[in-house]
Amino acid sequence: MMRVFDDLEQLRDRVEGGDIPDAILASYATQFRALEPVVHAYLESRYDHPWTGAPSGPLIGSFFALKDNFALAGSQCTCASRILDGFRPAYTATVVERLLAAGASCVGKTNLDEFAMGSSTEHGAYGVTRNPWDPSRTAGGSSGGSAAAVAAGMATFALGSDTGGSVRQPAAFTGLVGFKPSYGRYSRYGLVAFASSLDHPATFTRTVRDAARLYEVMAGPDPRDATTLPAPAPLEASLWGQTDLRGARVGLFAEVEATSGIDPTVRAAYEATRDRLAAAGAEIVTLQCPLLEQAVGVYYILAPAEASSNLARYDGIRFGPTSVDAHAGLPEYYAAVRTRGFGPEVTRRILLGTFVLSAGYFDAYYGKASQVRTLLQQQFATFFEQVDVILTPTTPTMPFALGAKLDDPVAMYLNDLFTIPANLTGVPALSLPVGWSEDGLPIGMHLMSGRLQDARLFGIAHWLEQSLGLTPRLPSAAESGV
Ligand code: GLN
């Protein structure tokens, strides 16, 4: 089997057995040279640098790609925005620091939708990322670069940020495991803020076990992020040994069962997954979640509201390129810098967010959306008294063609229908591959569990992954059109 499929444990064993990390890096570099010209996963890469990682640790021998909205001292951090052109932070994100200290090495900064706003990695200032399985299609977004890097065999794993689904959706579109923990498990320090109450660092891996191994390294309190929680209990070895699902309770949404708005390929995979869980002894519980259809609307009020506040700091003075041609006055100066620095999607979000926070509309929009969010949180708390996990598709569609939704923001936003509720409620959630379509595209399914029940989620997802037993695949240069 090719080395690029090795999981974290195999890589560590190789290095401890005498393999040098540079040899492992060389396999990823080969994939990078073959596929990067078509895929465009990276904004900055370091495959030609010799390995200089920590000499030991649980992640030794692994190489990761980092979404370009995480700080890594000495590397660029553009958020795919002109307004951060040339920004090189002097500090490193806490989760990245923990990965490096555990022996992992970073191979580069990956492409994204500008400031992580989008679902297709088409909204960045530095080009589009393509799906390695079919370059005419999106790899998903906003962490599409990180997803494409791992799917194409250029890295062991990758970090993305998930505010409304930006890791789970691209994981589904590229055949990977995308995991977002409970809010508060992974520090947000050093992740450029988009919508602080919804932002989660999250991971792309090939397996559920690897996602759990990274969780063991990354989770825990951080004095630099006041929303972080005390360290979780260590994951028990028994999580990985489940032979069936007797005693597990799996929730389904009646609204998902009933809707006609799901692509037939996705629906068939969803039904097969549901039946597989039931056949293994899980008790299937149907839940009514009428608020589900409000979640996207609530998100697109709250996220832009928080974004409009977070992005106010890019003023060309503290951050952002200084404009020298606008001397008329401060408002004109700001307008010139920000008009030049922000792309259309970010501009749309700032306008929307400023509007919903304005005095005359606050109660009608932001206030109302916050109330609905609280109701959804209460509803989810009740659900997870009745079930251990909830199964939905990750996305209503298969990976769509590049450009297909670019002129229709609402169609783009609806792609996040199933992923957004986990951000609004802060519950852990994971997308995992469950199969392939006839035309060779990956299909992902989505599992959520209750607040701080991350371990339970890993256990059931791992069982499902083992039971499916999918053979690892790598896109060839030919598939990617090279
Ligand atoms: N697609 C969603 C948005 O555009 C989610 C983004 C994200 O999770 N970063 O806001």
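Order of appearance sets the numbers: ligands from 1, and atoms from 1 within every ligand.
- Scanning for ring-ring contact (aromatic ring centres under 6.0 Å, His included) contacts around His123 gives an empty result, with sequence neighbours left out.
- Applying the side chain to side chain donor-acceptor pair (under 3.5 Å) rule to Asp68 yields the partners Gln76, Thr78, Lys109; only residues at least two apart in sequence or on another chain are considered.
- Protein residues lining ligand 1, listed by chain and number: Ala116, Met117, Gly118, Ser119, Ser142, Asp162, Thr163, Gly164, Gly165, Ser166, Phe194, Tyr299, Tyr300, Arg349, Asp416 [non-hydrogen atoms, distance under 4.0 Å].
- Side-chain contact between Phe173 and Phe400 is present, with at least one heavy-atom pair separated by less than 4.5 Å.
- Pairs engaging residues 180-199 under the side chain to side chain donor-acceptor pair (under 3.5 Å) rule: Thr163-Asp199, Lys180-His200, Ser182-Asp454, Tyr183-Arg188, Arg185-Tyr215, Ser187-Asp222, Arg188-Asp225, Arg188-Thr227, Ser196-Asn310, Ser197-Glu306, Ser197-Arg373 [sequence neighbours left out].
- With a 4.5 Å cut-off on side-chain heavy atoms, Arg46 and Val107 do not count as touching.
- The 12-atom threshold is exceeded at CZ of Arg267, counting heavy atoms of other residues, nucleotides or ligands nearer than 6.0 Å.
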